[in-house]
**Student:** 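Quick one: the structure is below, questions incoming.
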Amino acid sequence: MAITYFEKERIFKLDTPNSSYVIGIVDKENFVGHVYYGKKLRDANIAYLLRTGEGPFVPSENNRERVSFYDTFPMEYAGNGLGDYRRSSISVRTAGGHTAVSLFYVSHKIYAGKPGLAGLPATFGDENACETLELFCEDPVLGLKVTLLYTAFSDVDVITRSVRIENDGEMLYLTKALSFSMDMDNRDFTLLTMHGSWARERMLEHRKVKKGFMGVESVRGESSHQEHPFMALAAGNADQSQGEVYGMHFVYSGNFIGQVELGQFDTVRVGMGIHPENFCWKLEKGESFQTPEVVLVYSDTGYDGMTHQFHELYRNHLIRSEYKDKKRPILINNWEATYFDFNTEKLLSIAKKASELGIEMLVMDDGWFGHRNDDSSSLGDWYVNEEKLNGGLKHLVDEVNKLGLKFGIWFEPEMISPDSKLYEAHPDWAIQIPGREGSLCRNQYVLDLTRKEVRDYAYESVASILRSANIEYVKWDMNRQLSDIGSYGLPADRQGELYHRYVLAVYEMQERLVTEFPHLLLENCSGGGARFDPGMLYYSPQIWCSDDTDAVERLKIQESTAMIYPLSTMGAHVSDCPNHTVGRVTPFETRGHVALAGTFGYELDITKIPEEDRQMIPKQVAMYHKYNDLVRSGDYYRIASYQENHYFDCYEVVSKDKSEALVTFVQVINRPNYKSRRITLKGLDPQKNYCLEGEDTVYAGDTLMYAGILIQNPWGDFQSKLLHFVEKNMK
Ligand code: GLA
């Protein structure tokens, strides 16, 4: 049993393979308290941790100090405005203008499996994979029914949480509705978050948790380049491979907040959910609201352990595409090759060379529609520009197919250019505030997808192109963040719903797309990696990591991304040099080794690159085919972090049966007067023996892991090596 209710103790115990999560119901009023989350426990005799036995503490015994109770009790989902002065999980505005909420346990239900969340992406699992607890709570004064949903998985140390709010009372506005909250004792926690900007997404940031408030957030309408909907709390001296780490990840693609608050009694309240800023959701009597879900991961083997749980969860319980367990076609994308300046002949010349060298798909990026020759026009006018694509799209696709390549195409379906036929016909289709001139970003506005007619138009634009030719891949881009929040489709008292309705609309469109085109390979993208989040992974098995394709910058971006996402999800390409973002020149071989960590492909003018680079492509193609199964499905370990040491990067992927391991080593900056570097491997079988492919020396697994091996310093900067260890049978 993954979830058990102990009636006498009034305790719920949720177990995963190595963790337990315990909830307690206390006092006559039925407060829901958080008892424990950590290493797996054999029994549930820990209700005493709620301290209800320590003197007259609960309101039924000491109502004189009700506020003290509210302000210290470890709440499972914190109410608002009645004396718990820590951050709330939920808040409302009633017709009378009041904001308080207080929740009490009413009943519960435990069952095998996991329900879907209507209209939202969510992890899934069948009756054998997980169990779900629904805790029915209510605020009797408001008539608000709040169900706390928990699912415990049996194959990963993951608990998911979300909340369903049903209004059974008078109309009110929901002004805050987090997906989870939890109060824990502080254990010298360090908070790990990810921050960045365009072209440098998801840089790791470690901060000691100090008294007061800290966290991560986005109010940009998408998960963003700037912050990531992820937090981890590492206890005491936990590090990469040992100690306790709690990971929290939001399965959502819009505004979010992750909050951490260390209070007066050294307790930490953590929470995550939709950002309350500019959020105001009207709930008439009988209406309900479902929050997106948060994934909680527990690891007692440091960040490595956390990474493995996230990878397994996303590979087995979130990504649905048929490509999930398959090699992706090696693609060549024309963006950095031509930008907007291309035509059929140019694309076919790239495709021809690509096919000779073993590349498997041509992707036509931005600029094939309307009269778009730069970024100042035509978004919304999804008609093929026949001046560029003479002969039409189908002709191009057929010709590319004849060369033995698949064909893929770029869209930015959520946008509208002021210079477009669409805007001329429907200026009100842009998100905007009447009387204010909209703020342009990359010369474009965002379509008001909360309106069905707009959504239908945008969807049909994409779908009709896909129906018109043999298109097997779509790159779905989104190149600006939301502003000027206003919709002609929403009444005044529902304008505060726009941000969330927008995200729901994107999900609805992508669901339609993958339903109508089940064999399509979809890659999400947002000005690089601004919408790399678990929500989008539910629809696309891969996401473009960053517009920064420089091999060195990518080491950092991919290190953080791989900490929580499987390598199979990271869009990564070999691009041209000097690199278009930073002007750096790196060897073609190193660019290939770095891109091998992701989906692998090319983004350069293959007809113009130096001959010696071109000659290397078939070798890289062979390398991809040789290692991709391992890279996609193996266990990933971080060995050295270039983000931290500023000299070199090293990671490893080990096959599930521990019979082989691939180590990628990149020396970013050479150091003078340094001997060879010693690295220790991880995740091998200590009892097995291994050889480096192509060499005879036999290494014991335990030697490789505990004593390590020496890697000779390559000569020069930006040099890389692949070390493939294979099991050596000594019989
Ligand atoms: C975004 C994407 C790029 C490219 C351009 C096209 O920046 O991240 O890869 O598709 O848009 O405009």
Side-chain angles (χ1 to χ4, degrees), residues 196-202 220 222-226 253 328 331-342 346-347 350 361-382 385 388 407-417 419-420 440-447 461-462 465 471 473-481 506 521-533 536 540 542-550 553-554 557-558 561 569-576 579-582 591 595 598-605:
S197 184
W198 173 76
R200 50 185 158 84
E201 294 90 341
R202 296 178 291 285
R220 295 167 184 269
E222 62 171 358
S223 39
S224 88
H225 299 99
Q226 286 72 14
S253 314
R328 318 290 153 81
L331 66 80
I332 184 157
N333 178 304
N334 75 309
W335 178 240
E336 290 194 23
T338 64
Y339 294 102
F340 297 97
D341 186 17
F342 61 86
K346 178 71 208 169
L347 293 176
I350 292 177
M361 178 160 74
L362 175 79
V363 174
M364 178 172 67
D365 210 280
D366 193 356
W368 55 266
F369 51 91
H371 58 278
R372 189 161 166 95
N373 292 311
D374 54 34
D375 65 15
S376 66
S377 80
S378 305
L379 294 170
D381 295 348
W382 300 105
N385 178 343
K388 282 185 179 177
F407 186 87
I409 195 167
W410 178 98
F411 284 99
E412 200 180 351
E414 302 164 54
M415 297 294 151
I416 182 166
S417 304
D419 177 5
S420 65
L440 283 168
C441 181
R442 207 191 191 212
N443 272 316
Q444 63 202 54
Y445 296 131
V446 182
L447 275 175
S461 303
V462 176
I465 292 282
I471 299 172
Y473 160 106
V474 163
K475 176 175 173 188
W476 178 307
D477 209 340
M478 193 248 191
N479 275 320
R480 66 156 293 176
Q481 305 177 328
V506 173
L521 174 56
L522 180 62
E523 175 157 355
N524 270 293
C525 172
S526 177
R531 215 160 52 180
F532 204 125
D533 60 57
M536 300 317 285
S540 66
Q542 61 194 58
I543 304 178
W544 185 228
C545 232
S546 173
D547 277 346
D548 197 333
T549 52
D550 170 66
E553 297 306 309
R554 272 300 183 110
I557 296 168
Q558 293 178 187
T561 309
T569 65
M570 298 197 303
H573 299 165
V574 175
S575 70
D576 204 6
N579 178 266
H580 294 196
T581 312
V582 290
R591 283 176 259 160
T599 55
F600 201 75
Y602 293 86
E603 184 138 350
L604 36 71
D605 190 341

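Atoms within a ligand are numbered from 1 in the order they appear, just like the ligands themselves. Here the structure is a predicted model, which means the values were calculated and not measured.
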**Student:** So which bit of Arg442 gets within less than 4.0 Å of ligand 1, heavy atoms only: side chain, backbone, both or neither?
**Tutor:** side chain

**Student:** What is the nearest protein non-hydrogen atom to atom 3 (C) of ligand 1, stated with its residue, atom name and distance?
**Tutor:** Asp547 OD1, 3.4 Å

**Student:** Pull out every atom of ligand 1 sitting under 4.0 Å from any heavy atom of Asp365, numbered as shown with elements.
**Tutor:** 4 (C), 6 (C), 10 (O)

**Student:** Pick one of side chain, backbone, both or neither for how Asn333 approaches ligand 1, counting any non-hydrogen atom pair under 4.0 Å.
**Tutor:** neither

**Student:** Can a salt bridge be assigned to the pair Asp605 and Lys346 using a cut-off of 4.0 Å between side-chain N and carboxylate O?
**Tutor:** yes

**Student:** At under 4.0 Å between heavy atoms, which part of Asp375 makes contact with ligand 1: side chain, backbone, both or neither?
**Tutor:** neither

**Student:** Hey, does Cys525 come in under 3.5 Å of ligand 1, counting only N/O atoms on both sides?
**Tutor:** no

**Student:** Could you tell me which residues satisfy side chain to side chain contact (heavy atoms under 4.5 Å, CB included) with Asp366, sequence neighbours excluded, listed by chain and number?
**Tutor:** Trp335, Phe340, Phe369, Arg372, Trp410, Arg442

**Student:** Check the orientation of Trp544 and His573. Use parallel for under 30°, tilted for 30 to 60°, and perpendicular for over 60°.
**Tutor:** tilted

**Student:** Looking only at distance, does Glu603 have an N or O less than 3.5 Å from an N or O of ligand 1?
**Tutor:** no

**Student:** In chain order, what residues pass the side chain to side chain donor-acceptor pair (under 3.5 Å) check against Asp548, with sequence neighbours excluded?
**Tutor:** none

**Student:** Do side-chain atoms of Asn579 reach the backbone of Val582 as a donor and acceptor pair under 3.5 angstrom?
**Tutor:** yes

**Student:** Please lay out, stage by stage, how Glu336 and Thr549 fare under the test side-chain hydrogen bond (donor to acceptor under 3.5 Å, both in side chains).
**Tutor:** CA-CA 10 Å; Glu336 290 194 23; Thr549 52; 3.1 Å; yes

**Student:** Could you say whether the N/O atoms of Asp477 and ligand 1 ever approach to under 3.5 Å?
**Tutor:** yes

**Student:** Please examine the side chains of Thr569 and Phe532, heavy atoms only from C-beta on, and report whether any two atoms are closer than 4.5 Å.
**Tutor:** yes

**Student:** Are Thr338 and Ile350 packed together at the side-chain level, in the sense that at least one heavy-atom pair is separated by less than 4.5 angstrom?
**Tutor:** yes

**Student:** At a 4.0 Å threshold, what atoms of ligand 1 neighbour a non-hydrogen atom of Asp366?
**Tutor:** 6 (C), 12 (O)

**Student:** Within the structure, does Asn479 bring an N/O atom to less than 3.5 angstrom of an N/O atom in ligand 1?
**Tutor:** yes

**Student:** Of all the atoms in ligand 1, which lie at a distance below 4.0 Å from a heavy atom belonging to Gly528?
**Tutor:** 8 (O)

**Student:** Under 4.0 Å from ligand 1, counting heavy atoms only, is it the side chain of Lys475, its backbone, both or neither?
**Tutor:** side chain

